[in-house]
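Below, chains carry the letters A, B, ... as their sequence lines are ordered, and counting in each starts from 1.
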Protein chains: 2
Amino acid sequence: MAENPIRFGIMGCAKIARKLARAILLAPNSTLYAIASRSLEKAELFATENELPKTIKIYGSYQELLDDPSIDVVYMPLPSSLHLHWAVLAAQKKKHLLLEKPPALDVVELDKILEACESNGVQFMDGSMWVHHPRTAKMKELLSDPKQIGQLEFLHSTSTISPPPEFFKDDIRVKPDMDTLGALGDLGWYCIGSVLWAKNYRLPNLVTALPGVVKNAAGIILQFSASLHYDEPDLLKTVAIIHCSFLSHSSMDLKMIGSSGSIHLMDFIIPFQEDSASFNFTWLPKFVDLHIGWNAKPEKVVVANELPQEVLMVQELARLAEDKKKSVACPDKKWPQISRKTQIVLDAVKKSIDLGCEPVYL
Amino acid sequence: MAENPIRFGIMGCAKIARKLARAILLAPNSTLYAIASRSLEKAELFATENELPKTIKIYGSYQELLDDPSIDVVYMPLPSSLHLHWAVLAAQKKKHLLLEKPPALDVVELDKILEACESNGVQFMDGSMWVHHPRTAKMKELLSDPKQIGQLEFLHSTSTISPPPEFFKDDIRVKPDMDTLGALGDLGWYCIGSVLWAKNYRLPNLVTALPGVVKNAAGIILQFSASLHYDEPDLLKTVAIIHCSFLSHSSMDLKMIGSSGSIHLMDFIIPFQEDSASFNFTWLPKFVDLHIGWNAKPEKVVVANELPQEVLMVQELARLAEDKKKSVACPDKKWPQISRKTQIVLDAVKKSIDLGCEPVYL
């Protein structure tokens, strides 16, 4: 571990916090300094159940954690309807912010959070882990090389899960006063993010929800699909399809088809295993004579990673916090910009769903 | 070979006819009896170039081939705008009909062809080969078992090709007086067919073309996407996305996500190799504790086939022709019904494109 590791506080003991607690402990430049829940009992139970080191401070309220001047970064896995309030407070307390996705209910809210971060000189990052995996960088390398994938023509990104029946009664993601964006905020964040990532964070020109949206009785989105359309200067357009569902089994496909090659993977959000990940790469496939077969099969490209993707995320944020502390760099604007663009597209999908699948121009 | 093989005549020496000539020669119950082109020279060149047996009759006109009473089945790879005329004539001459896809320009035309086949007691089949592969039957087995895939929730089917530049000048598929349906007729036939196949040939309730349609100067569709939507009695809907393009590289993905499992393959129209084919099957995948990996990876299911899929198609048609000859069975209505439903959906996609991506209810 580094001599003076960046001190993280976890605010809210959601399930996902267990994964992040481990990541913060594993990252070479960070340490888990404190955790907080709405009651001391809950926070203590979380610490015990997850066998956290005894040295970690336990707070029975979020405010106490924010008031602790020793904490550099706050990881906030609260329901998204609480983000605006607590994230702004955290920024005002000069805490760098790792905010679970979706970071806000809409871009108006997100802008208030980002503005608070900027004016207080703290780094903002949302909790998207997959973008930190070296596999993602390797795929970007192929996407960026015009000789490999070529111009992107079609993208297809899905995120579906198969939660147990109690999820539909109790989970914060299906309750209107908690994560009011449902499958759009939870799963759609990844799919929209993957399309933006592939298109170098250019916004689509047109977003259209597709027929087949499913909501629960409270109006929370449980399943939806949408098309994201990019105009291009030449003949080729880029069409991206996203599909998200709480009513399926677990799947996370990302397929990118370009003019000369394609990439496909079935585990883009959470890799099948922790220590390496792969994707299928197909380049200039042709049919053999008589079209009775192919000259090439997809090639499996394996990318090893020493640290899991969530640890790489924590490490990157700790590095930025360290730079800020040493005054060698200002907060990196890349991360809030990525979140903001994702939220803009998410808002557009929401608007299109609300309008009964009418197209929304950006 | 069978003692009295069913005699095929090939009407039109298109490129695809080379594949079918080989298939007819390979099928155990058929023989290639004659070929015809618009000129004797063309037909002779085709026979020489493809080293066809010298015994095969060569005709310099389509009419002569149809007038030959020895021919049982006509394979017709003509441009789709010529199908109505020649397919009806073939049926009137009591020839069973293997009609290259798309079988007609619209369902009104197709109905005239099917009516001619029915009233003349001849079998109709379109040239979709992939449905005859034993892999397709194996996948259907999994789809039909409620314990395997479960209720279908999302389908994704693409067919894209990367033709050489001269294709866009000369190919019949981009000319308004030839295959006027462009990528919709050529590639869309497969994708629409795959969705209908997965849904047991139930028509979707709603068809919507997606923004991003690309046409050439003559108005022929070069690229399009569409969503096919199925209402279901319970919460779950089925959404199917199809995407087809002449402006990409060669890809043919079929992904089917159900409530408990999914199937994925990247070569559904033309298998990577002739003697066996595979698909990925994922069943009840779960994340391991902390969501740092999966408990299962997709399983590769390999299906061997003794005969290539196009030979199986010819064999099936020859079997039906044989049954009819022996008066043991009437023409099988399954095949014209499949073609008709595919054409109905194709018409709806066309209508939605023509209406600027308006939804079309079926």
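For the atom pair NE2 of B:H156 and CG of A:D253, the computed distance is 8.5 Å after rounding to the nearest 0.5 Å. With rounding to the nearest 0.5 angstrom, the OG atom of A:S262 is 5.0 Å from the CE atom of B:M266.
With chain B as partner, the option from A:E274, A:R22, A:K15 having the largest number of non-hydrogen pairs under 4.5 angstrom is A:E274. With chain B as the partner, the residue from A:H243, A:K19, A:Q273 showing the most heavy-atom pairs under 4.5 Å is A:H243. Taking B:V239, B:N216, B:V288, B:V213 one by one and counting their heavy-atom pairs under 4.5 Å with chain A, the maximum is reached by B:V239. Between chain A and the residues B:P271, B:C357, B:S162, the largest count of heavy-atom pairs under 4.5 Å involves B:P271. Heavy-atom pairs under 4.5 Å with chain B were tallied for A:S251, A:A23, A:G258; the largest tally goes to A:G258. Most heavy-atom pairs under 4.5 Å with chain A, from the set B:G293, B:S227, B:S250, B:S260: that is B:S250.
When side chains are defined from C-beta on, A:S225 counts as touching B:F154, because their heavy atoms get closer than 4.5 Å. No side-chain heavy atom of A:T208 sits less than 4.5 Å from a side-chain heavy atom of B:T208. Counting heavy atoms from C-beta on, the side chains of A:I16 and B:H291 never come closer than 4.5 Å. The shortest distance between side-chain heavy atoms of A:K237 and B:L247 does not fall below 4.5 Å.
In this structure, the portions of A:I270 lying under 4.5 Å from any heavy atom of chain B include both its backbone and its side chain. Contact annotation for B:N295: neither backbone nor side-chain heavy atoms come within less than 4.5 Å of a heavy atom of chain A. Contact of A:A296 with chain B is made through the backbone alone, with heavy-atom distances under 4.5 Å. The contact between B:E310 and chain A is made entirely by side chain atoms (from C-beta outward), counting heavy-atom distances below 4.5 Å. For B:F287, the part lying under 4.5 angstrom from a heavy atom of chain A is the side chain only. Contact annotation for B:A277: neither backbone nor side-chain heavy atoms come within less than 4.5 Å of a heavy atom of chain A. Within the 4.5 angstrom heavy-atom criterion, atoms from both the backbone and the side chain of A:P285 approach chain B. Contact of B:P308 with chain A is not made at all, since no heavy-atom distance falls under 4.5 Å. At a 4.5 Å heavy-atom cutoff, A:T238 makes no contact with chain B through either its backbone or its side chain. Heavy atoms closer than 4.5 Å to chain A are found in the side chain of B:L222, but not in its backbone. Interface remark: A:L210 contributes side-chain atoms only to the contact with chain B (heavy atom separation under 4.5 Å). With a threshold of 4.5 angstrom between heavy atoms, B:H229 approaches chain A through side-chain atoms but not through N, CA, C or O. For A:I241, the part lying near chain B is the side chain, with the backbone staying farther off; criterion is any non-hydrogen pair under 4.5 Å. For chain B, no part of A:E232 is nearby; none of its heavy atoms comes within less than 4.5 Å. If you measure heavy-atom distances from A:D231 to chain B, you find no contacts under 4.5 Å at all.
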Original post:
Yes or no on ring pair (Phe, Tyr, Trp, His ring centres under 6.0 Å) for A:H264 and B:H264, after CA distance, side-chain angles and deciding distance?
Top reply: CA-CA 11 Å; A:H264 178 250; B:H264 178 251; 4.3 Å; yes
Subject >> Test log, rule side-chain hydrogen bond (donor to acceptor under 3.5 Å, both in side chains), inputs A:H249 and B:E153 >> reply: CA-CA 9 Å; A:H249 74 279; B:E153 186 252 324; over 6 Å; no
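The pair B:D267-A:K297 fails the salt-bridge criterion, with no side-chain N (NZ, NE, NH1 or NH2) lying under 4.0 Å from an Asp/Glu carboxylate O.
Residues A:P298 and B:F272 approach most closely at CD-CZ, 3.4 Å, considering heavy atoms.
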